[in-house]
There are 2 protein chains.
Amino acid sequence: MTGQVPSSSSPGAAQRQRARLLRPLGAPKSLSSEVVDRLAEQIMSGKLPVGAKLPSEQEMMKGMGVSRTVVREAVAALRARGLVVTRQGAGAFVDSDAGRQPYAIDPEGLGSLASVLDILELRMAVEAEAAAIASERATAAHVKAIGEAHRVFSRAIASGEGAINEDFAFHQAIAAATQNRRFAEFLDFLGRLIIPRQSIRSFEGTAEGPRQYLARIAKEHEAIFQAISARSPKRARDAMRGHLVKSRERYRELASRSA
Amino acid sequence: MTGQVPSSSSPGAAQRQRARLLRPLGAPKSLSSEVVDRLAEQIMSGKLPVGAKLPSEQEMMKGMGVSRTVVREAVAALRARGLVVTRQGAGAFVDSDAGRQPYAIDPEGLGSLASVLDILELRMAVEAEAAAIASERATAAHVKAIGEAHRVFSRAIASGEGAINEDFAFHQAIAAATQNRRFAEFLDFLGRLIIPRQSIRSFEGTAEGPRQYLARIAKEHEAIFQAISARSPKRARDAMRGHLVKSRERYRELASRSA
DNA sequence: CTTGTCCGGTCATCATACAACTTTTAGCAT
DNA sequence: ATGCTAAAAGTTGTATGATGACCGGACAAG
């Protein structure tokens with residue numbers, strides 16, 4: 001590693017080099033997190049099977065050469081992650097459902113376009129079925145709520161807003177209409193990941209104006225709403241799928257243009 | 001030289017003693033978890049917005065009448081849950097993506113039949129689309145792997161086994177063929193939740209024997225595999241949906257009979 | 001405006017002590 | 001021997017004090 005920059009040819013190279021130098025340097029790992037990593041690895045890999053007793057705090061202290069504070073904070077972190085349970089006077093044990101960890105998506109990995117498209121694809125799967133189920137199971141109140149959300153969205157775009165939240169609220173109303181809380185919760189989970197990525201609906205350079213762009217979305221929403229009102233699972237599913245396929249393409253274009 | 005007086009060494013001690021006497025015996029909560037709950041509630045509700053600084057350890061100690069050990073373990077737990085980040089010398093702050101919590105399903109709530117059916121419904125949504133995508137995107141190697149998984153399953157049931165794992169492996173192979181890691185990961189997540197529920201494939205009282213029961217599943221798998229091999233998204237989606245709808249009905253019967 | 005220094009606030013770690021609880025063991029009565 | 005009880009040992013939970021490392025701002029010098 002010489003560190004000498006070998007004749008940067010392109011104009012922006014120096015700036016990028018600077019950015020590389022100035023980047024916040026790697027996290028100086030705390031002792032606690034090191035202990036957490038080690039124990040978590042042992043548990044995940046199964047070397048510490050479910051129900052097994054972890055070494056006592058004293059043993060860990062001596063074995064790893066750290067203070068009790070460090071050990072205890074590490075165990076507290078493992079407990080928070082649902083990997084271990086502690087019983088005062090008895091010890092710390094691998095949690096019976098340590099294998100059932102929540103489904104997590106690291107927001108750091110969402111930088112790449114492909115990663116976002118993958119998530120949109122998963123969302124498509126869930127929402128298409130949600131629309132179908134909603135069309136079968138929605139009460140009159142649910143249908144009314146969906147229609148209301150649709151109207152709010154339409155009104156928002158008419159007044160020139162981006163209407164990101166109103167858009168998502170329409171989808172949430174459909175998920176709620178399934179009367180299956182998992183759909184609503186999972187859509188909420190995905191929304192919190194994806195929505196920040198499209199928070200600026202940039203229309204610069206598009207052939208058509210924002211109005212037409214958003215009007216098409218509203219049109220697609222309308223079709224979905226009609227299908228659900230008509231209690232037609234097939235049409236609802238197809239309408240939702242079509243809507244999200246187009247949304248995916250719209251996002252793909254948007255991202256490629258800003259790159 | 002700590003307090004030789006055992007009675008009231010700290011200000012909050014007497015109060016905690018009283019609470020200990022009055023609390024119902026069923027809820028032995030540790031002080032750390034109480035602090036965690038308090039802080040987590042503040043963060044989730046937005047009273048502590050993203051980026052806000054938490055009170056210092058000293059302030060929390062005085063404010064809640066607990067020791068630094070308790071406060072630090074509580075903060076360690078919040079950090080493990082991704083709710084806060086700590087910077088040495090600066091303080092503890094609400095994490096920028098505290099709102100993007102992982103998608104979790106409490107295994108405790110899975111006791112009721114309806115709850116399990118809800119999850120099966122979500123799985124259906126994901127797997128139906130996964131089958132369709134797999135039929136479009138699977139490489140030759142993927143198709144081969146799916147076929148192999150299908151054969152392993154068929155062979156297992158032929159030798160009289162329950163073949164739970166082989167069954168799931170077939171589904172996993174399809175999810176892997178989407179080349180979208182989210183599908184594989186999410187299916188894995190759902191599988192770890194519901195598989196333990198059906199680990200005993202009880203056939204007592206059923207009209208037909210285990211062989212016929214499992215043979216029908218194999219038949220459905222066969223149809224799915226054929227559709228994917230034929231690169232037909234529509235057929236793959238319908239076959240998978242049909243398979244899971246029937247699986248859901250099978251589970252419903254099974255549960256109602258054992259009840 | 002930049003640089004260097006200082007200083008109070010804060011988290012990270014170590015060490016010790018005691019309290020509360022569990023498990024094991026020793027002892028005792030039967 | 002067997003079963004119960006009480007002591008003992010081991011373990012986690014909480015409290016307290018001390019020290020080091022790091023951050024942020026204040027301040028003066030160049």
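Residue numbers begin at 1 in each chain, while the letters A, B, ... track the order of the sequences.
- For B/Thr86, the listed nucleotide lying nearest its side chain is C/dC11; candidates were C/dC11, C/dC14, D/dT16.
- If you check distances only, the side chain of B/Gln88 never reaches the base of C/dG9 with a donor-acceptor pair under 3.5 Å.
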For this session: Begin with the C-alpha distance, continue with both residues' side-chain angles, and end with the deciding distance and a verdict on side-chain hydrogen bond (donor to acceptor under 3.5 Å, both in side chains) for A/Thr69 and A/Arg72.
Result: CA-CA 5 Å; A/Thr69 305; A/Arg72 283 194 60 80; over 6 Å; no
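- The side chain of A/Arg87 has C/dT22 as its nearest neighbour among C/dC14, D/dT14, C/dT22.
- Here A/Val75 lies out of heavy-atom contact (under 4.0 Å) with every strand.
- For A/Arg72, no side-chain nitrogen or oxygen approaches OP1 or OP2 of D/dT12 to under 4.0 Å.
- Ring to ring, B/Phe170 and B/Phe153 are not that close: their centroids are 6.0 angstrom or more apart.
- Contact annotation: A/Ser67 does not reach the phosphate of C/dT13 (side-chain N/O to OP1 or OP2, under 4.0 Å).
- Side-chain to base pairing of A/Arg68 with C/dT13: no donor and acceptor N or O lie closer than 3.5 Å to each other.
- Salt bridge present: A/Arg182 and A/Glu185 bring a charged side-chain N and a carboxylate O closer than 4.0 Å.
- Nucleotides of DNA chain D nearest to A/Thr69 and A/Ala90 differ in position, and the one nearer the 5' end is that of A/Ala90.
- An OP1 or OP2 oxygen of D/dT14 is reached within less than 4.0 angstrom by a side-chain nitrogen or oxygen of B/Ser32.
- Around the NZ atom of B/Lys53, the shell of radius 6.0 Å holds more than 12 heavy atoms that belong to other residues, nucleotides or ligands.
- What separates NZ of A/Lys62 from C1' of D/dT11 is a distance of 13 Å, to the nearest Å.
- Between the NZ atom of A/Lys29 and the P atom of C/dA12 there is a distance of 16 Å, rounded to whole Å.
- Across D/dT14, C/dT13, D/dG13, the shortest atom-to-atom separation from the side chain of A/Glu57 is found for D/dG13.
- Which of C/dT13, C/dC11, D/dG13 sits closest to the side chain of B/Ser56 comes down to C/dC11.
- Taking atom CD of B/Gln58 as the reference point, atom P of C/dG8 lies 16 Å away to the nearest angstrom.
- Using a 3.5 Å distance cut-off with no hydrogens or angles, the side chains of A/Thr86 and A/Arg79 do pair a donor with an acceptor.
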